Asker: 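Got a structure here, written out as structure tokens. Questions coming.
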Amino acid sequence: MDWDGLRRELGDWYERVRRDLPWRRTRDPYAIWVSEVMLQQTRVKTVIPYYERFLERFPDVAVLAGADLQAVYKLWEGLGYYSRARHLHAAAGMIMAQMGGRVPSDPQVLRRLPGIGDYIAAAVLSIAFDQPFAVVDGNVKRVLARVFLMETPVNHPPGHARFQTVADRLLDREQPGRHNQALMELGALVCTPKRPLCPQCPWTAHCRALQSGAVPDFPRRVKPRRPGEQFWVAGAVLKKGRLLLTRRPDRGLLAGLWEFPCDRMDGAADPAADCAAMVRRQVGLHCAPPQHLVTVRHAYTHFKLRMALYLCPWQGGRVRLDGPDHFDWVRPDQLDRLPLHGAVHKALPALLQALRGQ
DNA sequence: GAAACGTGGAT
DNA sequence: TATCCAAGTTT
């Protein structure tokens with residue numbers, strides 16, 4: 001295997017075609033780090049506007065560390081995987097408190113920060129600090145699987161180490177940052193999951209999948225299991241023109257985001273009554289018979305959701321929380337101040353229309 | 001080590 | 001409409 005040839009051809013190709021992305025215009029370790037966190041399981045096109053806003057609002061570690069977590073969540077709204085925002089904020093605090101305000105360049109130290117795993121550590125160390133660590137992300141696995149005809153499934157954790165081994169051997173230790181980005185760029189632009197553009201690939205002379213006509217069969221994947229379906233009922237409690245919003249705990253699904261009190265339905269022959277009972281249980285309020293507004297569908301990674309939203313006129317009681325960790329009575333025109341999750345955003349137009357009609 | 005963890009675009 | 005899947009990490 002001509003490793004030097006591979007590295008050179010990849011590097012030359014990258015210099016020719018590389019996209020001008022915002023995080024490629026800086027060597028600031030903080031900015032690189034933020035971009036890598038946002039890019040986790042998220043498309044470049046989606047990330048760009050979030051990245052621009054984030055760097056404008058939180059230009060360095062000190063500003064981020066001093067910000068309210070809620071403000072960070074608000075900026076993260078709609079990007080998904082909200083624990084990333086919490087971890088980023090927490091890590092910034094640790095960097096200020098323990099590391100002199102500088103993103104650490106020591107692999108052991110960096111790797112211990114929350115939200116920084118093997119991939120992000122390697123990316124930051126190579127791109128911002130020129131250290132020889134090879135990244136292994138979805139792009140890299142796909143490219144390696146094809147070029148080396150690797151049978152290892154790319155979506156099965158036990159096989160990850162095999163890809164890391166190959167990536168380590170392939171790494172250009174002279175220009176590790178450029179090399180890592182080039183390999184990912186190749187996966188993103190040419191060696192794509194579907195309909196790869198092999199004629200444009202710098203590695204056609206080396207690719208074993210191409211030579212054996214097996215490109216469409218690689219990479220291998222294990223079959224994911226079907227996500228189940230959940231049914232939730234949500235109640236928009238209305239009192240004197242204000243809506244009750246609750247905040248989800250800082251762990252688990254949609255951590256830290258705001259929503260109308262909601263819960264899974266337990267089979268519910270009578271969803272409206274179930275909603276009223278849910279409101280009593282979750283926030284301790286009594287309401288008039290709930291009126292169905294809309295049912296939205298939403299797909300999460302591991303289950304599908306159908307959420308029925310009801311309008312629940314307040315009748316009595318003071319808020320006592322069981323589940324959510326905060327609440328607020330919000331005027332409908334101020335809902336956009338809170339970070340809300342996708343299902344709530346889908347249901348919101350129906351609610352606002354109903355309120356206007358009252 | 002399997003499962004949890006979001007969302008939107010492409011097909 | 002259903003499925004795939006994208007610059008992964010945590011528990």
Side-chain angles (χ1 to χ4, degrees), chain A residues 18-19 21-24 32-51 73 76-88 90-91 110-124 126-128 133-143 153-161 163-164 167 177 179-189 191-195 219 221-230 248-257 259 296-305 339-346:
Chain A
R18 65 180 229 138
R19 290 169 292 177
L21 302 174
W23 44 89
R24 288 185 179 159
I32 304 291
W33 169 34
V34 170
S35 76
E36 294 299 345
V37 173
M38 287 187 169
L39 285 162
Q40 175 183 332
Q41 302 285 283
T42 311
R43 286 186 159 69
V44 164
K45 189 181 172 188
T46 303
V47 165
I48 289 174
Y50 282 90
Y51 173 85
Y73 278 136
W76 212 269
E77 180 181 25
L79 196 55
Y81 287 141
Y82 298 96
S83 288
R84 293 183 294 177
R86 186 181 69 256
H87 288 144
L88 198 51
L110 188 63
R111 187 61 180 76
R112 276 201 301 274
L113 291 171
I116 297 187
D118 288 337
Y119 167 80
I120 291 180
V124 171
S126 63
I127 298 170
F133 291 88
V135 300
V136 176
D137 75 330
N139 288 308
V140 173
K141 286 184 187 176
R142 185 172 57 255
V143 172
V154 291
N155 61 341
H156 192 53
H160 185 87
F163 291 102
Q164 186 75 59
H179 171 92
N180 280 331
Q181 295 184 79
L183 197 49
M184 293 190 284
E185 193 81 334
L186 185 62
L189 299 183
C191 197
T192 49
K194 290 166 187 169
R195 297 200 291 181
R221 312 187 133 265
V222 298
K223 284 204 185 306
R225 61 187 194 91
R226 288 263 168 284
E229 186 163 31
Q230 293 186 17
R248 300 176 65 90
D250 265 335
R251 338 225 118 238
L253 187 69
L254 305 167
L257 297 202
E259 64 190 2
V296 298
R297 299 157 64 116
H298 199 71
Y300 295 99
T301 309
H302 53 297
F303 69 94
K304 291 185 295 185
L305 171 68
L340 310 172
H341 56 77
V344 177
H345 275 292
K346 283 184 182 175

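Remember, it's a predicted structure, so these values are computed and weren't measured experimentally. Throughout, a chain's letter reflects where its sequence line sits, starting with A, and its residues are numbered from 1.
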Asker: Name all residues meeting the salt bridge (Lys or Arg N to Asp or Glu O under 4.0 Å) criterion together with A:Arg248; count only those two or more places apart in sequence or in a different chain, and write none if there are none.
Answerer: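 Result, salt bridge (Lys or Arg N to Asp or Glu O under 4.0 Å) vs A:Arg248: A:Glu259.
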Asker: If I pick the P atom on C:dA7 and the same atom on B:dA4, what distance separates them, to the nearest angstrom?
Answerer: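 Taking atom P in both B:dA4 and C:dA7, they lie 24 Å apart.
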Asker: Within the pair A:Arg225 and B:dA4, is there a side-chain N or O less than 4.0 Å away from OP1 or OP2?
Answerer: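 Yes, such a contact exists.
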Asker: Using whole Å, what does the distance between atom P of nucleotide B:dA10 and atom CZ of A:Arg195 come to?
Answerer: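 About 12 Å, once rounded to whole Å.
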Asker: Considering residues at least two apart in sequence or located in another chain, which fulfil the salt bridge (Lys or Arg N to Asp or Glu O under 4.0 Å) criterion with A:Arg195?
Answerer: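 Checked A:Arg195 against salt bridge (Lys or Arg N to Asp or Glu O under 4.0 Å); zero matches.
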Asker: Where each residue is assigned the nucleotide of DNA chain B containing its nearest heavy atom, which of A:Tyr300 and A:Pro157 is assigned the position nearer the 5′ end?
Answerer: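 Whichever sits nearer the 5' end wins; that is A:Pro157.
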Asker: Looking at OH of A:Tyr51 and CD of A:Glu36, how far apart are the two atoms once the value is rounded to the nearest 0.5 Å?
Answerer: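 So the OH of A:Tyr51 and the CD of A:Glu36 are separated by 10.0 Å.
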Asker: Using atom C1' of each nucleotide, how far apart are B:dG1 and C:dG8 to the nearest Å?
Answerer: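 Going atom to atom, C1' in each nucleotide, I get 16 Å.
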Asker: Under 4.0 Å from any heavy atom of chain A: name the first and the last nucleotide of DNA chain C that qualifies, 5' to 3'.
Answerer: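 So the outermost contacting nucleotides come out as C:dA2 to C:dT11.
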Asker: 5'-most contact on DNA chain B: A:Leu254 or A:Lys194, nearest heavy atom basis?
Answerer: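 The residue mapped nearer the 5' terminus is A:Leu254.
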Asker: Below 3.5 Å, does any donor atom in the side chain of A:Thr46 face an acceptor in the base of B:dG8, or the other way round?
Answerer: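 For A:Thr46, whose side chain was compared with the base of B:dG8, there is no donor-acceptor pair (under 3.5 Å).
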Asker: Distance from A:Gln40 atom CD to A:Arg84 atom CZ, nearest 0.5 Å?
Answerer: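 Result: 5.5 Å between the selected atoms.
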Asker: Rounded to the nearest angstrom, tell me the gap between atom NE2 in A:His87 and atom P in B:dC5.
Answerer: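 Result: 13 Å.
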Asker: Applying salt bridge (Lys or Arg N to Asp or Glu O under 4.0 Å), can you list everything that pairs with A:Asp118, at least two apart in sequence or on another chain?
Answerer: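 For A:Asp118 the salt bridge (Lys or Arg N to Asp or Glu O under 4.0 Å) partners, ignoring immediate neighbours, are A:Arg111.
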Asker: With rounding to whole Å, what would you report as the distance between C:dT9 and B:dG9 at their C1' atoms?
Answerer: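 It comes out at 24 Å once rounded to the nearest Å.
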Asker: I want to confirm an ordering. Mapping A:Gly115 and A:Lys304 to their closest nucleotides on DNA chain C, which one lands closer to the 5' end?
Answerer: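 Nearest-nucleotide comparison on DNA chain C picks A:Lys304.
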Asker: Would you please confirm or rule out a distance under 4.0 Å between OP1 or OP2 of B:dC5 and any side-chain N or O of A:His302?
Answerer: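 So the side chain of A:His302 is within the cut-off, an N or O lying under 4.0 Å from OP1 or OP2 of B:dC5.
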Asker: Rounded to the Å, how far apart are A:Asn155 CG and B:dA3 C1'?
Answerer: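 Distance check: A:Asn155 CG to B:dA3 C1' gives 14 Å.
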Asker: Report yes if a side-chain nitrogen or oxygen of A:His298 is closer than 4.0 Å to either non-bridging phosphate oxygen (OP1 or OP2) of B:dG6; otherwise report no.
Answerer: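 Indeed not, no polar side-chain atom of A:His298 lies that close.
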Asker: With sequence neighbours left out, write down each residue that passes ring-ring contact (aromatic ring centres under 6.0 Å, His included) with A:Tyr300, or none if nothing qualifies.
Answerer: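 A:Tyr300 satisfies ring-ring contact (aromatic ring centres under 6.0 Å, His included) with A:His298, A:Phe303 once adjacent residues are dropped.
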Asker: Say you pick atom C1' in C:dC5 and the same atom in B:dG6; how far apart are they, in whole Å?
Answerer: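 Straight-line distance between the two C1' atoms is 13 Å.
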Asker: Using a cut-off of strictly less than 4.0 Å between a heavy atom of the residue and any atom of DNA chain C, enumerate the qualifying residues of residues 36-44 of chain A by number.
Answerer: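 Within this stretch, A:Glu36, A:Leu39, A:Gln40, A:Gln41, A:Arg43 sit under 4.0 Å of the strand.
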